[in-house]
Amino acid sequence: MPELPEVETTMSALQPFVEKKIVSVDINNRHLRWKIEKDFEKNISNKKIISITRRAKYIIFNLSDGFIILHLGMSGNIRIQDLNSNTYKKHDHIIFYLKDKKIIYNDIRRFGSIHFTNNAKDHFLIKNLGPEPLSKDFNKKYLFNISRNSKTNIKNFIMNQKVVVGVGNIYASEALFDARINPNNITNSINEEDCKRLVKSIKNILKIAINMGGTTLKDFYSVDGSEGYFKIKLKVYGRENEKCKSCRGVIKKIVLNQRSTFYCLDCQK
DNA sequence: CTGAGATCCTGTCTGC
DNA sequence: TGCAGACAGGATCTCA
C-alpha cells in the first residue's frame, strides 16, 4: 500500500524496462478511480519506454510517443512475471506484455488510476501538484508563507498535495511527532521555528523510508511478488495507548478529517 | 476562494 | 460461527 516511498521503490524496480517496448495490453477491469479511456490500449501498444519517473505519488512512463500516468491509490501494486507464467490473482486489472515479461497492475479497492496523455506536465492530475518534499523548493520559507492563510489543522494541511506532495496519513503523524507539533494546531498559528522543524522532519522521515526500501506497515509486495518487506520503526502511528518513545507519556489516537491520527500529548504542543 | 464531510471499492478485524 | 459495523496507507467531489 503506497505512500511516496513505496511509489519510489516501485518506480525504481521498473527501471529494467526502460528501452523496452510495450507489445500489447490486456485490461480486465476498466473501472478504476476513473474509467480507463477507450483508446488506452491502442495509444500505448508498440511504444518504446523512454524513461520511468515519479512525480508525487504518480509513476510516469515516458513513451516514444505520449505518457502513461499511473497512481496506485490505496491498495494498488505492481508485479513482474515471466511472459509465459500463468499465475494470476484476483484484482489483476491490467497486464502489460513486453518481449519476455509482463507487468501486472493489481488493485483491490480500485482507487488507483491510469491515463494516457500526450502532455504529462499539463495533465489535470499533475499540473496543480505542490513541490516535491525532498526538493529545495520545499523549505522553511515556503511552508511559512503558504501556511499563513490556512485555518485547517496542520496535519490535514501537510497531507494536501497542493501544499507538498507525498505525505500520506502515516508520515503526517510521524513527521509531526518528530517536529513536536500537535496535529490539531491550526495551520496559521505555527511559527517559523515550527516550519523549520517540520520541513526537516518531513524530509528525514521520507528519506529514511525510501532508504529502507519504501515500506511502512502490513504487507507490501515487491514487484517480484514476494512478500518480503521491511518495517519502518513507527514512533506514533498505530501505537495508541503505548508509551511515547521520547518522553514515556502515552500515545493518543484521535480522528482528524476522518483519518486516524496519533500523537504524544506531552511532546507535541 | 476555503474547509468539512461524503464518496468511490474490497477485504479484514472486532465485538456481540 | 454468523453477522453488522468499523476501519484501512488516497484524493476528488459536493455543498455550506
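In what follows, chains carry the letters A, B, and so on, assigned in the order in which the sequence lines appear, proteins first and then strands, with residues in each chain numbered from 1.
Residues A:Tyr105 and A:Asp107 bring a donor and an acceptor atom of their side chains to less than 3.5 Å of each other. In this structure, a donor-acceptor pair under 3.5 Å is absent between the side chains of A:Asp82 and A:Asn84. Residues A:Asp137 and A:Tyr142 bring no donor and acceptor atom of their side chains to less than 3.5 Å of each other. Between A:Thr152 and A:Asn156, the side chains place a donor N or O and an acceptor N or O closer than 3.5 Å (distance only, hydrogens not considered).
Going from atom CE of A:Met74 over to atom C1' of B:dG11 covers 13 Å, rounded to whole Å. For the pair A:Ile210 CD1 and C:dG9 C1', the interatomic distance rounds to 15 Å; values are reported in whole Å. With rounding to whole Å, A:Arg259 atom CZ is found 13 Å from C:dT12 atom C1'. Between the C1' atom of B:dC1 and the CG atom of A:Asn128 lies a distance of 14 Å, rounded to the nearest Å. Atom CD of A:Gln161 is separated from atom C1' of C:dT12 by 12 Å (rounded to the nearest Å). Straight-line distance from the CZ atom of A:Phe157 to the P atom of B:dG3: 8 Å, rounded to whole Å. Taking atom CG on A:Asp107 and atom P on B:dG11, their separation rounds to 11 Å, with Å as the unit. At whole-Å resolution of the value, CG in A:Asn188 and P in B:dT2 are 13 Å apart.
Checked for salt-bridge contact, A:Arg197 and A:Asp178 miss the test: no charged N lies under 4.0 Å from a carboxylate O.
The P atoms of C:dG9 and B:dT14 are separated by 16 Å, rounded to the nearest whole Å. Taking the P atoms as reference points, C:dT14 lies 15 Å from B:dC9, given to the whole Å. Taking atom P on both C:dC7 and B:dG5, the two are 15 Å apart, rounded to the nearest angstrom.
The A:Leu125 side chain lies nearest to C:dT12 when the options are C:dA8, C:dA11, C:dT12. Comparing C:dT12, C:dG9, C:dG10 by their nearest atom to the side chain of A:Ile170 picks out C:dG9.
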Given the rule that a pair is Watson-Crick or G-U wobble with both distances under 3.5 Å, how would you write DNA chain B in dot-bracket, using | for pairs to a different strand? .|||||||.|||||||

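Among residues two or more places apart in sequence or in another chain, the ring pair (Phe, Tyr, Trp, His ring centres under 6.0 Å) test is passed with A:His115 by A:Trp34, A:His123, A:Phe124.
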In 5'-to-3' order, the base (B), backbone-only (S) or no-contact (-) status of each nucleotide in nucleotides 4-10 of chain B, using a 4.0 angstrom heavy-atom cut-off, is SBB-BBB

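Note on residues 244-269 of chain A: pairs passing ring pair (Phe, Tyr, Trp, His ring centres under 6.0 Å), not counting sequence neighbours, are A:Tyr237-A:Phe262.
Comparing A:Phe262 and A:His71 by the nucleotide of DNA chain C that holds the closest heavy atom to each, the one mapping nearer the 5' end is A:Phe262.
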Do any side-chain atoms of residues 58-67 of chain A form donor-acceptor pairs under 3.5 angstrom with protein atoms, and if so which ones, sequence neighbours left out?
{"residue": "A:Ser64", "atom": "OG", "partner": "A:Lys48", "partner atom": "N", "Å": "3.0"}

For residues 240-260 of chain A, please give each side-chain donor-acceptor pair under 3.5 Å, one per line with the distance, not counting sequence neighbours.
{"residue": "A:Glu242", "atom": "OE1", "partner": "A:Arg239", "partner atom": "NE", "Å": "3.2"}
{"residue": "A:Glu242", "atom": "OE1", "partner": "A:Arg239", "partner atom": "NH2", "Å": "3.4"}
{"residue": "A:Asn257", "atom": "OD1", "partner": "A:Asn153", "partner atom": "ND2", "Å": "2.8"}

